[in-house]
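Below is one structure, written out as structure tokens; the observations come after it.
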Amino acid sequence: MVDCTVGLGGHSLAMIEAVSPGGRLIGLDKDAKALEIAGKRLGRPGERVDLIKGNFDELDSIFERMGIGGADGFLFDLGVSSMQIDEAGRGFSFRSDAPLDMRMDTGSKKDAAAIINDASEPELDRILAEYGEERFHRRIAASIISERKKAPIETTGRLVEAVVRAVPYKARHGRVHVATRTFQALRIAVNDELSRLEKALDQAIGLLNPSGVICVISYHSLEDRIVKNKFKEARAKGSLELKNKKPITPSEAEIDGNARARSAKLRAAKKTVQGGGVEGKDESL
Ligand SMILES: C[S@@+](CC[C@H](N)C(=O)[O-])C[C@H]1O[C@@H](n2cnc3c(N)ncnc32)[C@H](O)[C@@H]1O
């Protein structure tokens, strides 16, 4: 089985239990620090578990490199981990002042400050509208441009100020923090989350063994729409059967214990037998 988003390894641990004895787990994450922590929880890499630093849109090449033809299960638990949000220095949260970074892979080139200070106004506007579904996208983009003319915007604090300045007074103190959608939009752009998800789902569906299962947990409507459409497409081609028509959502009790689960949606689908495995490869998980 493959955990495409190991994070701190919570799901991976359960997946190892599920495949033991005799099974094998491949765990991917683009965040080297998360993998280091997960590695300590998941036992010695190389035994039943291979932890690989990589992007989940590289599944085809990772499998090829490992000489593996297919897998019985893929899990995607999308977005950022609690550790990434809570680590102030990484700039994912508007709750603490930090450098505008937001890279899940700290080795990648473009950070949030680069987008905020270099993108054109129409590009910022598009990012806020498309990835944040932000009502005040035009006003916020204009405010960012005017703020960065004074001095480059290098911190989450200054970005929050630019957002607060842009939105009407009444909208500043809602239930949800006024900068939530701007931060979501920027994070998606920095990490190229949506196009990577589309590519990854195509590859995972292709690599699933007959009767294998793919599960995806998403946390906002943009991700969920992609998952829903990809599953629908594969179903129309006869390669997937949906395990659930509507996404599975957490119970009140689960949300009480873990507030960050409140927006989670789980979709699962099973590879049909005629959907077929991948032929002509050396080994199967
Ligand atoms: C919600 S967390 C996963 C938490 C995990 N299920 C657990 O039990 O701890 C999402 C993780 O996916 C990783 N991630 C997000 N996009 C990725 C991508 N394109 N490729 C690889 N890892 C990715 C993030 O770095 C983060 O650690």
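This one's a predicted model, so the numbers in the text were calculated from it and none came from an experiment. For ligands, and for the atoms within them, numbers begin at 1 and follow the listed sequence.
The side chain to side chain donor-acceptor pair (under 3.5 Å) search around Lys150 returns Glu147, not counting sequence neighbours. Listed by chain and residue number, Lys53 satisfy the salt bridge (charged side-chain N to carboxylate O under 4.0 Å, His left out) test with Asp105 (two or more places apart in sequence, or in another chain). Listed by chain and residue number, nothing satisfies the side chain to side chain donor-acceptor pair (under 3.5 Å) test with Asn229 (two or more places apart in sequence, or in another chain).
When each of Thr106, Asp31, Thr156 is paired with Arg90, the side chain to side chain donor-acceptor pair (under 3.5 Å) condition holds for Asp31 and for no other.
Note on ring orientation: taking the six-membered ring where Trp is involved, the planes of Phe63 and Phe74 are parallel (angle under 30°, cut-offs 30° and 60°). The aromatic rings of Tyr169 and His173 stand perpendicular to each other, their planes meeting at an angle above 60°, with 30° marking the opposite boundary.
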What are the distances between nitrogen or oxygen atoms of ligand 1 and protein nitrogen or oxygen atoms, counting only those under 3.5 Å?
from	atom 1	to	atom 2	distance (Å)
ligand 1	6 (N)	His11	ND1	2.8
ligand 1	6 (N)	Asp77	OD2	2.7
ligand 1	8 (O)	Gly10	N	3.1
ligand 1	8 (O)	His11	N	3.1
ligand 1	9 (O)	Leu8	N	3.0
ligand 1	9 (O)	Gly9	N	3.4
ligand 1	19 (N)	Asn55	OD1	2.8
ligand 1	20 (N)	Asn55	OD1	3.4
ligand 1	20 (N)	Phe56	N	2.9
ligand 1	22 (N)	Lys30	N	3.2
ligand 1	25 (O)	Asp29	OD1	2.7
ligand 1	25 (O)	Gln84	NE2	2.9
ligand 1	27 (O)	Asp29	OD1	3.4
ligand 1	27 (O)	Asp29	OD2	2.7

